[in-house]
Peer 1: 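Supplied in structure tokens, the structure appears directly below.
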Amino acid sequence: MATVSFPAPVPTPLPPGLTTGGLVFSALRSRQPILRQFEQMHRTYGDTFTVTFGRRKTIIFVGPDANQYILGTHASAFLQGTAVRLDRILGNGLIVSEGEFHARQRRLVQPAFHKGRIAAYQHVMAEETARVVAGWRMGQTFDFAAAMHDLTLTIVGRTLFDVDLADASNDLGIAVTQIARFLRFRPVSLKHVRLDLPGLPYHRFVQSKATLDRMIYALIAERRKTGEDRGDILSMLLEARDADGGTITDAQIRDEIITFFAAGHETIATALAWTFLLLSQHPAARTQLAAELHTVLGGRLPTTEDLPRLPYLEGVIKEAMRLYPPAWGGARTTREPISLRGYNLPAGTVIGFSQYLTHRMPGCFPDPLAFRPERFDPTRNAQHPPYAYIPFGAGPRSCIGSGFALMELKTVVPVILQAFWPELPAGAFIEPEPMVTLRPHGGMTMILGASTQ
């Protein structure tokens, strides 16, 4: 039988935009951060524009239709080509793996994040948060964002390895902390210098990575020898089987553990920081949330059974992740020619999408800059277009730990808010900084005020 082949679309001129030099110059001239410049480009050029970094051009597509094309219906047309390659750190974990290997790993790992399994971690999250909060004092001023990183590091240590990473003498905790610092890079930094020389950040990273690898492999070997199920994610990965009875190799377990650490530590900590900033800026919402917590919890630690009974809490968290999504944007590389919004792009084209910009589009969310937790009230039947709200991504590469993350957020916020009301100092302004995650630039200084509980 004869077959007919169709020619690839003829490449079309790229959409307008700015070069790196123009972007930096514009930022310096207006004294606005780079993220604000991306917002300005969005306003100037519309939902599709080009950003040129040196010789590399990235086509930015903003909006739910593009998100659906890139992440959903045509996901197979793209490679996980990111502006910052994390494979040196994450190995071949779910964030960076491709093709059938990625699909198989996701099938193997998925049972570790079933609702019934992750519910077992909730009491750990509540207990660790209560332990941290017990050490705080009224009127204390500190970097709240840093405190959330320390807290989520402790929680991820308990849930991943069943070890206490808060112990300063714990070598595993020290190694994890060093790698976490390396992940929080800036566009211009000595961390980009890949020289393994004493004194350079990359040298500390190499040493910490070697320590982490040695200790994780030792934990894996110990668990395989004893067969002990300690109820943590490591135990679940060791038990994972596919339809053919296949298991996960030690190397792949290592990569997935590091991937879960990176995703479950940095992103959740960032989401917590922005949630409490918004509650500080919107006292009426905080008062309404406090009333719901008092009615349902009455001052005690939340349990898994309580979480479905806290709809306003869920709305607060989802609205915070709408305004400040920890994963603020992403990139892909076309593996084949594509046609999107009238632009015919050849294989090898780098394209970008942005949760941050999409979440703030008036066509998706009325009055998009307002903090309105009721947007997510299930009783109001509020609607937004498909793929308009994607804090955890979407499609076949959506975040496998989204349920875990939401459970942690819905557990940590009530424990803190029933003890203290973190407040921004008068006149303080926190600027979002787009790094690996959307972090508060320069930290987030807050003062512990009295809760109404």
Side-chain angles (χ1 to χ4, degrees), residues 64 115 118-119 122 125-126 129 144 148 267-298 301-328 355-356 358-394 398-399 401-424 432 438 451-453:
K115 185 176 181 180
I118 64 173
Q122 194 271 341
M125 299 169 178
T129 306
F144 191 81
M148 293 301 94
T267 58
I268 296 174
T270 303
L272 284 167
W274 291 120
T275 298
F276 278 96
L277 175 135
L278 287 164
L279 287 172
S280 174
Q281 293 174 331
H282 299 84
R286 185 175 59 184
T287 299
Q288 184 171 343
L289 176 56
E292 179 180 82
L293 298 180
H294 178 72
T295 299
V296 176
L297 302 178
L301 296 182
T303 66
T304 54
E305 291 76 17
D306 294 319
L307 301 186
R309 301 165 57 208
L310 298 168
Y312 194 73
L313 168 65
E314 181 164 338
V316 164
I317 289 167
K318 287 184 174 180
E319 179 72 341
M321 288 193 294
R322 183 187 69 82
L323 286 167
Y324 297 103
W328 63 277
Q355 292 94 324
Y356 180 85
T358 299
H359 288 183
R360 290 168 176 247
M361 293 178 68
C364 297
F365 299 95
D367 196 8
L369 301 185
F371 178 64
R372 293 181 178 172
E374 59 271 15
R375 294 183 203 272
F376 297 94
D377 184 345
T379 66
R380 298 193 179 195
N381 198 29
Q383 298 291 325
H384 50 261
Y387 287 81
Y389 181 73
I390 53 168
F392 297 106
S398 61
C399 176
S402 59
F404 180 99
L406 282 171
M407 185 174 67
E408 184 169 345
L409 291 166
K410 289 191 288 186
T411 297
V412 172
V413 171
V415 176
I416 293 176
L417 203 60
Q418 290 186 112
F420 298 100
W421 280 20
E423 300 273 9
L424 282 174
L438 190 66
S451 169
T452 59
Q453 298 294 310

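Along the sequence shown, the residues carry numbers beginning at 1.
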Peer 1: Against the six-membered ring of Tyr312, is Arg286 placed for a cation-pi contact (under 6.0 Å from the centre, within 45° of the normal)?
Peer 2: no

Peer 1: Applying side-chain contact (heavy atoms from CB on, under 4.5 Å) to Trp328 and Thr270, what does each step give before you reach the verdict?
Peer 2: CA-CA 11 Å; Trp328 63 277; Thr270 303; over 6 Å; no

Peer 1: CD/Gln383 to CZ/Arg375 distance, rounded to the nearest 0.5 angstrom?
Peer 2: 14.0 Å

Peer 1: Just how far is it from atom CD1 of Ile268 to atom CE of Met148, taken to the nearest 0.5 Å?
Peer 2: 12.0 Å

Peer 1: How far apart are the closest heavy atoms of Ser280 and Leu424, and which atoms are they?
Peer 2: OG-N, 3.0 Å

Peer 1: Answer whether the closest heavy-atom distance between the side chains of Met407 and Ile118 falls below 4.5 Å.
Peer 2: yes

Peer 1: Where the side chain of Arg360 meets the backbone of Leu323, is there a donor-acceptor pair that is under 3.5 Å apart?
Peer 2: yes

Peer 1: Under a 4.0 Å N-O cut-off, is there an ion pair linking Arg372 with Glu319?
Peer 2: no

Peer 1: Would you say Thr129's side chain and Val412's backbone share a donor-acceptor pair under 3.5 angstrom?
Peer 2: no

Peer 1: Please confirm whether the backbone N or O of Lys318 pairs with a side-chain atom of Tyr389, one donor and one acceptor, at under 3.5 Å?
Peer 2: yes

Peer 1: Within a strict 4.5 Å, meaning less than it, do heavy atoms of the Leu406 and Met321 side chains meet?
Peer 2: yes

Peer 1: Which heavy atom of Ala388 sits nearest a heavy atom of Thr358, and at what distance?
Peer 2: O-CG2, 3.5 Å

Peer 1: Could you pull out the closest heavy-atom pair between Val316 and Thr275, with the gap in Å?
Peer 2: CG1-CG2, 4.0 Å

Peer 1: If I take atom NE2 from residue His384 and atom CE from residue Met361, how far apart are they, to the nearest 0.5 angstrom?
Peer 2: 13.5 Å

Peer 1: Once you round to the nearest 0.5 Å, how far does NE2 of His282 lie from OG1 of Thr287?
Peer 2: 12.5 Å

Peer 1: Using a 6.0 Å distance limit plus a 45 degree cone around the ring axis, check whether Arg322 lies over the aromatic ring of Phe365.
Peer 2: yes

Peer 1: Can you tell me if His294 uses its side chain to pair, donor with acceptor, with the backbone of Gln418 under 3.5 Å?
Peer 2: no

Peer 1: Can you see which heavy atom on Pro302 is nearest to which on Ala126, and at what distance?
Peer 2: O-CB, 4.1 Å

Peer 1: For Trp274 and Leu438, indicate whether the former's side chain and the latter's backbone hold a donor-acceptor pair under 3.5 Å.
Peer 2: yes

Peer 1: Could you state the interatomic distance from CD (Glu314) to CG (Asp377), rounded to the nearest 0.5 Å?
Peer 2: 10.0 Å

Peer 1: Between the main-chain N or O of Met125 and the side-chain N or O of Glu408, is there a donor-acceptor pair closer than 3.5 Å?
Peer 2: no

Peer 1: If I compare all heavy atoms of Phe392 with all of Ala405, which pair ends up nearest, and what's the gap?
Peer 2: CE2-CB, 3.8 Å

Peer 1: Can Trp421 and Leu279 be said to form a side-chain contact (heavy atoms from CB on, under 4.5 Å), step by step?
Peer 2: CA-CA 9 Å; Trp421 280 20; Leu279 287 172; over 6 Å; no

Peer 1: Quick one: do Leu297 and Glu292 satisfy side-chain contact (heavy atoms from CB on, under 4.5 Å)? Show the steps, please.
Peer 2: CA-CA 8 Å; Leu297 302 178; Glu292 179 180 82; over 6 Å; no

Peer 1: Which heavy atom in Phe276 sits nearest to a heavy atom in Pro422, and how many Å separate them?
Peer 2: CD2-CG, 3.8 Å

Peer 1: To the closest 0.5 Å, what do you measure between CG (Leu313) and OG1 (Thr411)?
Peer 2: 8.5 Å

